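What follows is a short report on a single structure.
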Amino acid sequence: MTLRLTNTLTGRQGAFVPLEPGRVRMYSCGPTVYAPAHVGNFRSFLFADLLRRYLGWLGFEVTWVMNITDVDDKIIRDAGREGVPIGELTARYTSAFLEDAERLRMTRPDVMPRATEHVPDMVALIESLLATGHAYRTDDGSIFFRIASWPSYGQLAHIDPTQQRVGERVEADDYDKDDVRDFAVWKGPKEGEPSWDTAIGPGRPGWHIECSAMSMRYLGTTFDIHTGGVDLIFPHHEDEIAQSEAATGKQFVRTWMHCAHLQMGGQKMAKRTGNIERPADVYARGYSPRALRYALIAAQYRAPLEFGEDSLRAATAAVERLGNVLIALDAHRSDATGDPGFPALLGETRERFTAALDDDLNVSPALAAVFDLARELNRRLDAGTLSTADAQSAAAFLRDLDRVLGVMEEGDEALEPELSAMLDERAAARAARDWATSDRLRDELAERGVAVEDTKTGQRWRRLVEAQRG
RNA sequence: GGCGACGUACCCAAGUGGUUAAGGGGGAGGUCUGCAAAACCUCUAUUCACCGGUUCGAAUCCGGUCGUCGCCUCCA
């Protein structure tokens, strides 16, 4: 089996063949840092992360670039409201993003370029567009890409640009363009806005140009994969293609991948409508980062995904189920002899897992394979037929699959000393068969958000989500 | 108006021509346990929005109807 991915450009699934054998260059549209990212944003980022992890797991050497947009209209607007320089606002939300990303176990991209640090790259790109007549200046110092100069415009979104309905907002546009469909690659200077003095004059970059400049800067004029949410297909990515290919004369991106929206209550999660939830909101209700991660990656990326209390609860249980089997395998010691068929059991799971992910990152059947294995392992654990060595190889196997999923284990989490002391006290009470004390402490710990379970090898604790607390 | 996605059990979600319609959650019963929890076992869609058609055979293909969502404007 080989990896097959759906390419928005062709609208079909095709075998993924990187430009350079064994090596993948991919770019993902990252956050605009004017507010904390919401979980819908993270669906897109974690989809890219899953792809990046799977490519790495398959043995590809991956270079992953994710941009940080740190200058745009909203940033300028919000910084203005607060009366702070845009750099102060963007620094704040950049670190918030990085923290959220880390808690969600998003692989750290190899490069996270900032728009403000790549103005010269954008200027160079714009210069070549001006030189070739694909872009033109307007009186206010802005520069626009001329869509009429690019016949294949619309190839990604599969639209005919002449059929575009151009709304009333055209009048509302502050800029004076030759054609309403033309888009800004450079915005002329304005009072109260940040501005760069460059060879093409003063001003600031347009939105689309940053992704073209930064992706090509780190990945070359043609690279393998570019990801984003479906809402970026048009106009953002369409514009990126036009300006990049017009400037270089070469194909920009070979495979475009877009994930569907996260929905809440059947509606797209979007900041504009206020229909959003942020990672911090989810954690505040007691859900763990890995449960959130699971909830966001557990369905195939091209299908809209419903998010909410139910999905978080289900994700919590699913992720604990996987964590529990690992804990049990680690603790397992047995005189049972190894099963000669055991490697085949793991091999079958691996095949199902790989076949599913090879099929355009179809996570659901991949997870089904993992859960089927978990049940079989628990069965053998219960029956006492699993040898110590087999348990260990199963644990190592699951951890290997989790290099792709990143949901099976909680990070090392320390328990508060006070609660830890209660656990010790409870262990002592149990040793004395003092059930009353033991049960009282268990209830008290539950009230403090910690569940205690008794196993053959002693007590085990885990955090409870709010909904489970008594 | 243009383009696109989708409608599978109580919820989420696989399956896209042919054995018993994955998996997770939830629910019911049972085993185990000092009691729990975890885990395991059994049950929980004769049916895939609806109506026609093609076919020996369709959730899967075709046509129609209804419904939902998204993009066309900042948007992951």
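Residue numbering restarts at 1 for every chain, and letters A, B, ... go by the order of the sequence lines. Keep in mind the model is a prediction, meaning the values are calculated, not measured.
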Looking at [N], I'd like to know if its phosphate oxygens (OP1 or OP2) sit under 4.0 Å from a side-chain N or O belonging to [X].
X      : N     : result
A/R442 : B/A37 : no
A/K268 : B/C71 : yes
A/R462 : B/A37 : no
A/R321 : B/C40 : yes
A/Q459 : B/A37 : no
A/N324 : B/A38 : no

Going 5' to 3' along nucleotides 8-19 of chain B, which nucleotides have protein heavy atoms under 4.0 Å from the base (write B), which only from the sugar-phosphate (write S), and which from neither (write -)? ---SSSSS----
Return a single string for nucleotides 26-31 of chain B, one symbol per nucleotide in 5' to 3' order, where B is base contact, S is sugar-phosphate-only contact and - is none, cutoff 4.0 angstrom on heavy atoms. ------
Can you check the distance between [N] and [M], where both ends of the measurement are the [atom1] atom (answer in whole Å)?
N     : M     : atom1 : answer
B/U55 : B/G26 : C1'   : 39 Å
B/C6  : B/A58 : P     : 23 Å
B/U46 : B/C10 : P     : 9 Å
B/U54 : B/G63 : P     : 15 Å
B/C51 : B/A76 : P     : 42 Å
B/U44 : B/G23 : C1'   : 16 Å

Measuring from the side chain of A/H261 (C-beta onward, heavy atoms only), which nucleotide among B/A38, B/C71, B/C40 has the closest atom?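 The answer is B/C71.
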Of the listed nucleotides B/A22, B/A38, B/G34, the one nearest the side chain of A/R460: B/A38
Under 4.0 Å, heavy atoms only, any strand: does A/S28 hit a base, just the sugar-phosphate, or nothing? nothing
Test for a donor-acceptor pair under 3.5 Å between the base of B/C40 and the side chain of A/R379, counting only N and O atoms. no
